[in-house]
Structure formats: structure tokens, C-alpha cells
Number of protein chains: 2
Amino acid sequence: MPAAPRAGVTLADVAAAAQVSTATVSRVLSGNYPVAARTRARVTQAVADLGYVMNVNARALARSRTSTIGIVVQDVAEPFFGHIARGVERRAAELGLACLIMASRGSKERELELVDLLRSYRAGGVILVGGATDDRGYRTKLAHRARALADEGGILVLCGRPPLGDGAPTRSVGYDNEGGAFAVTSHLLAQGHRRIAYVGGPPRLSTHTHRLAGYRRALEQHGVAWDDDLVHVGRFDAAFGRATVAGLLRHGLAATAVFAANDEVAVGVYEAAEEAGVAIPGDLSVVGYDDVPVATHLRPRLTTVSVPLEELGRRAAELCVADGADAVDAVVGTRLVVRDSVAAPRAATEPGALSSAES
Amino acid sequence: MPAAPRAGVTLADVAAAAQVSTATVSRVLSGNYPVAARTRARVTQAVADLGYVMNVNARALARSRTSTIGIVVQDVAEPFFGHIARGVERRAAELGLACLIMASRGSKERELELVDLLRSYRAGGVILVGGATDDRGYRTKLAHRARALADEGGILVLCGRPPLGDGAPTRSVGYDNEGGAFAVTSHLLAQGHRRIAYVGGPPRLSTHTHRLAGYRRALEQHGVAWDDDLVHVGRFDAAFGRATVAGLLRHGLAATAVFAANDEVAVGVYEAAEEAGVAIPGDLSVVGYDDVPVATHLRPRLTTVSVPLEELGRRAAELCVADGADAVDAVVGTRLVVRDSVAAPRAATEPGALSSAES
DNA sequence: TTGAAAGCGCTAACAA
DNA sequence: TTGTTAGCGCTTTCAA
């Protein structure tokens, strides 16, 4: 058992105890450097005896680079972000990196502040997680910081959002929002649905706009006309899903299916349907996006698009340390997962089948 | 708009640009120090012009204390931990602290390593989140580190777990596991249940043992005999809840209710019941613990014990910076939340009522 | 293979 | 009100 550690044990203390210079201690601690076996042993012993742990801040200062990365999410407790954060944390730990985590609460101003804060911590990589708002001024400001970060030896990593453009020095790992939305909408279309409501948001958030684009493309490909009244843009949460569908139901639902642009929204859709006595999928088919655990908690189980969130996070962590060569922007695949929340629309099924099912 | 930041802008650069000494720059940056308004303005200008951001590592070294705290959870993506982490992060941000987050994956060896790692980062506070394994050797080792941390000017904060004893210098914020379990078990008893299965774990984890103790006390108080066959100790996850109850059902369920020691376990209980065609709460009543969002996603909605997880996290963050005086160990309250997963047991209800309800 | 010493960027006496 | 300067704990040439 190591001795009870003393206050503020430093490298110099260890050097004194081992009767060597601080340089030698530094070398054995850093590994990769020729040190005589006996000297090394003495040093190792002294470290153990004194309960010494290195001061990483001092090391960071001396080396002028840290082994810390930063990760900015909207909300730590949100499953979407939590799963990505898990991937980042795990891969970072494997790579010997520590993670500073911060929450923007969806404010782009705060996000900007946070990357500056992370910059002050000299984080080697700063990972921005989740969709970004499409805003010219904001993009410019972010590009500035990306450049500053790069100048300081760090790198800005975009995780699940589009690149900044303008040759801003960033790396990115994304997934195909448009493609997943296209797939899941096509699935609905294939079942015979023609009036499919879209519920998502916020307005200019990339995740939402790209998913909406996939929805649109699927409609077009099936020759279904676009209907503004079916598209509801608000937020990415259950309350919005619920309020929207409750409203729809109140005014006589025109849709036979709803594409909840993420699983949280789908939770709200289920609630509204339940309250109104509308059966899923009998009266209304529902699909989601993300495939977070709640998708399998819902009854009927939710058909949705699976995004490998943890993998996304792992890739992002890797991009923080990759050297130029293998720092290729990555894209991970999404996958439609069919469960029990979709059925053919009532109108498409012969009347007899409906009534017999209800008898 | 600030100028495009240059690489490695330092305090000295700012001082030069503003034609003052580094000390002066340091003073305006630190705030709270008398500096002439005009000088201050020049410095502020230079900072903006150069896009300067302070190097916190250098500051930490010079001040020999950091504005960083560490938080150790089992798993970042688990809602229980995610919500606590959210509280920590939010309060920390308000206090001007950055959070290093690390996951132990439930290994106590790794947890010990992580506090050493955090110690090397000179984290001012290290928050250990969630139940702890009752293990003498482990406790001793942790106590050592608590002392080392304290010697270095930091503090070990225990969040949701019992104190170390032996006068180890820690602070803690907890909640009443035993009391909550007593309350929810009593609720079941009050409905007429006498054969209540307990499903939780792992074996010596404090959260589990304390909840089990509450269960036991409630039984005793109602004069219900303890039955080993009803107590199932394994893990705190859905898979265990499912497997356990599936087994129970296969061998002819002896219980009329189950106390899932956390909501995740309850998810598994619901799955097993669903598979076996057992109705909740008609055939089987179920209660959980924690009141994470899944409790309201389940149908019927889960009766459970609400723990103010975010508040718990906020308190923990505060304890990292509190000075001796107001650093009182805190305990936040829990609350029984009754929803729809509990009914009177079949045996206790008169036969007529049952059949009429089903007709 | 090891040691001496000059920093890394910032703070905090101590002077002025 | 401001400047000078000696560290904070570690790394890393450059010599030996």
C-alpha cells in the first residue's frame, strides 16, 4: 500500500527522494525515453512512496498542449446527446484524453461563448454536437473561432451538423439526415399512406431542415403533392408533438400518418393520440427518428431511423487527435428499423376488414 | 467584429499592444482590482483586437488552484446519471466552473483510477455519483485519496452514497433511499398486497441495500413475514428485471406485486409481464424508483419514488466550492408519486367486482 | 544515461 | 495606480 500522500508533492520532491534530477523523473514519467533500469526503479519507488500524481496543468503549460478535449451539447440529460457523449467519453478515455463537457441549452450565442471558454482551457479538440442553426453571422463567427483554435494547435470537430464552408479548418462526422428521412417516409408511402404529417423543428436547425428535405423527396418520388398544412415546424420535443397532434385531431385529422422528426416528438404524438382515443397504428401510423431507448418503451413499439449515436461520438473523439492524413471527414450510416407503429391506412384497407377487426 | 485571432496570443502580447505591464493586464482580466478606467479601456481594446483568450492552465499553475471540477458517473447515457450530471453542469456553469466528466462503468478499481486522474488535473472538487459498493479495502483506498485531495486543496464530494467514515475529509449530498423504499412498499401494503417481490442489485451496492432495507422495514411494520424467495438480487437494469420476472412467471408467480428497485428494472418487469400476457396492474402491481422519464412513458404509467436528481447534482457542485462554514452535508427529499401501475391484488378484491370489470 | 537551466503563460508580492 | 520580478511544476534543449 502506498504511503499516505502528502500535500502538494511535486516532481522535485520525487527527484530528491530518488536522488536524481527532475529531468530524469520527467523522463521516466513520460515513458519513451532511455533511462537506466535501476534509476527508473528508484524513481518509480519514490513516486509510489510519496503518492505523487503529476500536475497536468503544469505539463500542459510546458508542452503547450493538453490532453483535454471539450464537448458541447444542448443538454446532458437528453438521450440523443447522452449517447453521443458516451461515445466521446469512452473513446477519449481509450486515447488518454479527458473530456470537458458543457451545455449550450440550444443557444448559439452561448455555444460561441463555450468554444471560447474551451479555447481558454486549451482543449486540443472542441466537439460541437447536434444540429446547427443556419445563420450567416453565426457561421462566420464560428469559422473565426475554428481558425483561432487551429492556430493554437486545436481543432473544431462538427458532430452531426454540416460543415462551415469558407475553408474553415474543421473536421466533421455526420450521418445522413436526409436519407434516413427519405427511407422512413418511403416506408409510410409504401404502406399506402398519402397524407403524412411532418412534425419537427426548430425552424432553421439543420437536423430538422435535412429531415424535412428527405420527407419532401420521398413525397416527390411517389408523386404525392406537397401540402403545407401537413408540415408543422416548432420544436424537437414531446410537448410540441403532443400539442400539434392534439390540434390536428381537434380540427379533424387530415393525415393518416405522422412523421415525428425525432423520437421525443413521437412520444408527444402518442400522448395526444391516447388522449383522443386514436389507435396507433390502427387509426394513425407514427414513425420517429434517432432510435433512442424510448422508441422501444412505447407501445406499440416505434418504427424509426436508427442513428449509431455512440459510434458518432467515438469518431468525433478520434478526429480530435487524428493527424492530417487520416483525419478524413466521416459519415456513419443510418438504418430504418421497422417495429409496430405503422399499418396501412384505413382508407386503403377494405371496409370489411376494419369492422371485423373491431367486432 | 474582433480581428482574426493570431496563433498563441499571450498576456505579454496584450500588454505590449496596450503599452502596459503584464501585471496590469492580469489585473484587468481578473476584475476586482483598482485599474484606471483609461488603462482598462486600452487593455480591453487590445484583448479584443488580438482575439486573446487566457490560458487557464497557466493561470491554474500560478494560482495553484483550478476552476475545474470532476464528475465520475457509471455511464453518461444512463438517465439517472444524466440528470444528476445536468444539475452539476448547470450549477457549475453558474459558478464559473468547468466539468471534467468520466465514466467508471461500475468498476470500483476504475473509479479509484479516475479520482487519481482527476487529482492530476488538480480538480478542485471530485464528485462521485451514485451508489457505492460496500467493501472495506475500497473504502480505505478512497479515504486515502480523499485526504490527498484535501491536502491539495480539493475536496471529495459523495453524491447519493454513504460517507466513508474514519473522519475522511469528504462532503456529501444524499437522499433517503431507505425512506423512499419504505414509502413505496407501504403503498403496496396499503393496497392489500402481502406477497411483494423485490428486484434489484448489484449485491453490495448501497442504493440497492438501502432500498432493500426500506422494503424490509415496511414489511415488518405491517407484520408481513420476510420471504427469501421473493427477494431477487442481481443488477439494476431492464434485462435483469425481465429475466427475473419471466422466471417467476414460469414457475407460477407467488407474488401479487413487484418492487423494481429502480425504473430501469421496472421496464424489464413490464416486458416480462407483457410477454406472458400478465396484466399490469390487474394481475400484477409494479412500482419503481427514481422517477426518470421512462416512468411516464410506460403504460400503465409507473408508480415510483421521485428523486430530485438535478437538484442533487446542483448541491454537489456547490459543495465543491463551499467554504468550511456552509459546507454542510445535505440531504434532499424523495417523494412517492402514485400513477397507474398499482391496484389491489386479485385475492383481496371480491370475485364479483373482478368479473364485472372484465365483462 | 544523466544533469543544468531556460522557459511555458500567468499571478502576486513588493516597490515605486 | 502601475511596474518589476520571482515563482507555480513540468519539459526539453544542450552539455557532460
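A quick note: this is a predicted structure, and the numbers were derived from the prediction, not measured. Reminder, nothing fancy here: chain letters follow the sequence lines and each chain counts from 1.
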For DNA chain C, whose closest nucleotide is more 5', that of Val25(B) or that of Ser64(A)?
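Its nearest nucleotide being more 5', the pick is Ser64(A).
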
Residue closer to the 5' end of DNA chain C, Ala58(B) versus Arg27(B) (nearest nucleotide)
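By nearest-heavy-atom nucleotide position, the 5'-most residue is Ala58(B).
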
Checklist entry - With nearest nucleotides of DNA chain D determined for Ser30(A) and Ala23(B) from heavy-atom distances, which residue corresponds to the more 5′ nucleotide? => result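 Nearer the 5' end of the strand: Ala23(B).
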
Between [atom2] of [N] and [atom1] of [X], the distance in whole Å:
X: Leu29(B); N: dC10(C); atom1: CG; atom2: C1'; answer: 10 Å
X: Arg63(B); N: dA13(C); atom1: CZ; atom2: C1'; answer: 15 Å
X: Asn57(A); N: dC10(C); atom1: CG; atom2: P; answer: 13 Å
X: Glu152(A); N: dG9(C); atom1: CD; atom2: P; answer: 11 Å
X: Leu11(B); N: dC8(C); atom1: CG; atom2: P; answer: 13 Å
X: Arg42(A); N: dT1(C); atom1: CZ; atom2: P; answer: 15 Å
X: Gln19(A); N: dT2(C); atom1: CD; atom2: P; answer: 14 Å

Q. Between the side chain of Arg315(B) and the main-chain N/O of Val332(B), is any donor-acceptor distance below 3.5 Å?
A.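 Between the backbone of Val332(B) and the side chain of Arg315(B) there is no qualifying donor-acceptor contact (under 3.5 Å).
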
Practice prompt. Examine distances only and state if a side-chain atom of Asn57(B) and a backbone atom of Leu61(A) form a donor-acceptor pair shorter than 3.5 Å.
Written response: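 Between the backbone of Leu61(A) and the side chain of Asn57(B) there is no qualifying donor-acceptor contact (under 3.5 Å).
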
- request: Taking all heavy atoms of Ala168(A) and all of Ala143(A), pick out the closest pair and write down the distance.
  value: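 Heavy-atom minimum between the residues: CB-CB, 4.0 Å.
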
Should [X] be listed as having a side-chain N or O under 4.0 Å from OP1 or OP2 of [N]?
X: Tyr52(B); N: dC10(C); result: yes
X: Thr24(A); N: dT2(C); result: no
X: Ser26(B); N: dC10(C); result: no
X: Thr10(B); N: dG9(C); result: no

Classify Val20(A) by what it touches in the nucleic acid, base, sugar-phosphate, or nothing, heavy-atom distance under 4.0 Å.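 Sugar-phosphate, no base atom in range.
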
| said: Categorize Ala36(A) for me: base, sugar-phosphate, or nothing, with a 4.0 angstrom heavy-atom threshold over every strand shown. | reply: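 Here Ala36(A) touches the backbone only, sparing every base.
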
* 5' to 3' on DNA chain D, which nucleotides open and close the contacts with chain B (atom under 4.0 Å from a heavy atom)? ->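 Contact span on the strand: dT1(D) to dG9(D).
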
Are [X] and [Y] packed together at the side-chain level, in the sense that at least one heavy-atom pair is separated by less than 4.5 angstrom?
X: Arg171(B); Y: Leu158(B); result: no
X: Val129(A); Y: Phe81(A); result: yes
X: Ile84(B); Y: Val73(B); result: no

**Item:** Pair listing, side chain to side chain donor-acceptor pair (under 3.5 Å) test, anchored in residues 88-101 of chain A, at least two apart
**Value:**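 Residue pairs with at least one partner in residues 88-101 of chain A: Arg90(A)-Glu310(A), Arg91(A)-Glu94(A), Arg91(A)-Glu318(A), Glu94(A)-Arg314(A).
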
Worksheet entry | Angle by which the axis turns from one end of the helix from dT1(C)-dA16(D) to dA16(C)-dT1(D) to the other, five pairs per end, to 10 degrees |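 What I find for the helix from dT1(C)-dA16(D) to dA16(C)-dT1(D) is an axis angle of 30°.
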
Checklist entry - Do Ser104(B) and Ser107(B) get their side chains close enough for a donor-acceptor pair, meaning under 3.5 Å? => result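 There is no such pair (donor and acceptor under 3.5 Å, judged by atom type) between the side chains of Ser104(B) and Ser107(B).
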
Donor-acceptor pair under 3.5 Å, Arg122(A) side chain vs dG9(C) base:
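Per atom types, no contact qualifies.
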
Item to complete: Applying side chain to side chain contact (heavy atoms under 4.5 Å, CB included) between Ile69(B) and each of Val88(B), Val321(B), Leu100(B), Val126(B), report the one that passes.
Response: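 One option only clears the test, and that one is Val88(B).
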
Cationic N near anionic O, under 4.0 Å, Lys108(B) to Glu111(B)
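Between Glu111(B) and Lys108(B) there is no salt bridge, as every charged N stays at least 4.0 Å from the carboxylate O atoms.
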
